[in-house]
A.B. asks: 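Structure below; questions to follow.
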Amino acid sequence: MTLYSEIQGVRRPVCLHIEASPRGGRSTSTARSRAFLDELTRLEPRLVGDRLPLWEAPLPEFDGATIAAKYARLAGKSLSAEEERAWTTVSHLVDGLRRADAVVISTPMWNMGIPYKLKHWIDLITQPGLSFKFDPETGYSPLLEDRPVLIVLSSAGDFSSGINRGRPDLATPYLTAAFRFIGFKTITIVPVAPTVGPEYEVTKGRQIAEAQLRALAPGFLERHV
Ligand SMILES: Cc1cc2nc3c(=O)[nH]c(=O)nc-3n(C[C@H](O)[C@H](O)[C@H](O)COP(=O)(O)O)c2cc1C
């Protein structure tokens, strides 16, 4: 089932693209994701693209007021004016995510994990009462409905063939856990790797990713667990 959003009275699917590489037009992960979105738009011309370039968008600091608001909400206490302001800001970010019928995240691997801007955004949108809830009896439960999520992860090392030069991939398990925590279970991770090394290996890695993305596009918007 596709959860179409209502825009100007017409129900159209929205795909949110979160760009985590600062490399703009030179970014491998952004390029592959944009090609995927072009293909999605060709297949579903009503698609509305929503873009969140994390290095251009001024993300609010995840500061003391935001953390105090988070703890106050977890404890069921009322918020001060400063905490309310901080909470309104994070609420808007979660609204942007909730509005999306599908989410595409393009990110490089950085130091075995993800760029700090992507971690910053995840810290901001992972909030009690907005994207998850906590009950001492039952523990943590997600508050966002499942929707298709594609993560295009580019890395110098190739973790499928073992050419990782001794460095582990902590990005894949972290991103999978972070999105499952808020309710997104239909996650596909497409690695683009290696992006450094012999030319034929780099080309082969890109071609494998392109083929995976081409195969994923038809039906992507309808995919749910
Ligand atoms: C700060 C930084 C840290 C990196 N750390 C890793 C790493 O731990 N493992 C890896 O395989 N590649 C690492 N790389 C290489 C990038 O993941 C790789 O070049 C990727 O293709 C860049 O994607 P982009 O073009 O979308 O920015 C790192 C690159 C940078 C700039």
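When a residue number appears, it is its place in the shown sequence, counting from 1. Counting convention: from 1, in listed order, for ligands and their atoms alike.
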A.B. asks: Side-chain heavy atoms nearer than 4.5 Å, only ILVMFWY residues, links allowed to pass through others: does that put Leu150 and Ile208 together?
C.D. replies: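 Different hydrophobic clusters.
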
A.B. asks: Counting heavy atoms only, name the option from Arg167, Arg26, Met112, Met109 that's nearest to atom 16 (C) of ligand 1.
C.D. replies: Met109

A.B. asks: Might you confirm whether atom CD of Glu82 has over 12 heavy atoms from other residues, nucleotides or ligands at distances under 6.0 Å?
C.D. replies: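 No.
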
A.B. asks: Using residues 69-77 as the side-chain source, report each donor-acceptor pair under 3.5 Å to any protein atom, sequence neighbours left out, with the distance given to one decimal.
C.D. replies:
{"unit_1": "Lys70", "atom_1": "NZ", "unit_2": "Thr126", "atom_2": "O", "d": "3.1"}
{"unit_1": "Arg73", "atom_1": "NE", "unit_2": "Pro128", "atom_2": "O", "d": "3.4"}

A.B. asks: State whether the shortest distance between N or O atoms of Pro22 and N or O atoms of ligand 1 falls below 3.5 angstrom.
C.D. replies: no

A.B. asks: Mark up the atoms of ligand 1 that fall under 4.0 Å of a heavy atom belonging to Pro108, in ascending order.
C.D. replies: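 Going through ligand 1 atom by atom, the ones under 4.0 Å from Pro108 are 22 (C), 23 (O), 24 (P), 27 (O).
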
A.B. asks: Counting from 1, what ligand 1 atoms have a heavy atom of Ser154 closer than 4.0 Å?
C.D. replies: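 Listed by number with element, the hits are 17 (O), 20 (C), 21 (O), 22 (C), 23 (O), 24 (P), 26 (O).
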
A.B. asks: For ligand 1, is there an N or O atom under 3.5 Å from any N or O atom of Trp110?
C.D. replies: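 Trp110 vs ligand 1: no N/O contact under 3.5 Å.
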
A.B. asks: Is Thr30 in polar range of ligand 1, meaning some N or O pair under 3.5 Å apart?
C.D. replies: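 No, there is no polar N/O contact under 3.5 Å.
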
A.B. asks: Report all side-chain donor-acceptor pairs from residues 47-55 shorter than 3.5 Å, counting only partners two or more places apart or in another chain.
C.D. replies:
{"unit_1": "Arg51", "atom_1": "NE", "unit_2": "Glu19", "atom_2": "OE2", "d": "2.8"}
{"unit_1": "Arg51", "atom_1": "NH2", "unit_2": "Glu19", "atom_2": "OE1", "d": "3.4"}
{"unit_1": "Trp55", "atom_1": "NE1", "unit_2": "Ala20", "atom_2": "O", "d": "2.8"}

A.B. asks: Quick one: which ligand 1 atoms are inside 4.0 Å of a heavy atom on Ser21?
C.D. replies: 24 (P), 26 (O), 27 (O)

A.B. asks: Indicate yes or no: does Lys119 engage Asp123 in a salt bridge with an N to O separation below 4.0 Å.
C.D. replies: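 Salt bridge: yes.
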
A.B. asks: Decide, yes or no, whether a salt bridge links Lys204 with Glu201 under the criterion of side-chain N to carboxylate O below 4.0 Å.
C.D. replies: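 Yes, this pair counts.
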
A.B. asks: Answer with yes or no whether Val196 contacts ligand 1, where contact means a heavy atom under 4.0 Å from a ligand atom.
C.D. replies: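 For ligand 1, residue contact (heavy atoms, under 4.0 Å) with Val196 is absent.
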
A.B. asks: Any chance the side chains of Asp63 and Thr66 put a donor and an acceptor closer than 3.5 Å?
C.D. replies: yes

A.B. asks: Any N or O on Gly157 sitting closer than 3.5 Å to an N or O of ligand 1?
C.D. replies: yes

A.B. asks: Which is it for Thr195 and ligand 1 at heavy atoms under 4.0 Å: side chain, backbone, both or neither?
C.D. replies: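 For Thr195, the contact with ligand 1 is made by the side chain alone.
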
A.B. asks: Specify whether Phe220 and Phe36 have parallel, tilted or perpendicular ring planes, treating 30° as the upper limit for parallel and 60° as the lower limit for perpendicular.
C.D. replies: perpendicular

A.B. asks: Show the atoms of ligand 1 that are less than 4.0 angstrom away from any heavy atom in Arg23.
C.D. replies: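 Here the atoms of ligand 1 in question are 24 (P), 25 (O), 27 (O).
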
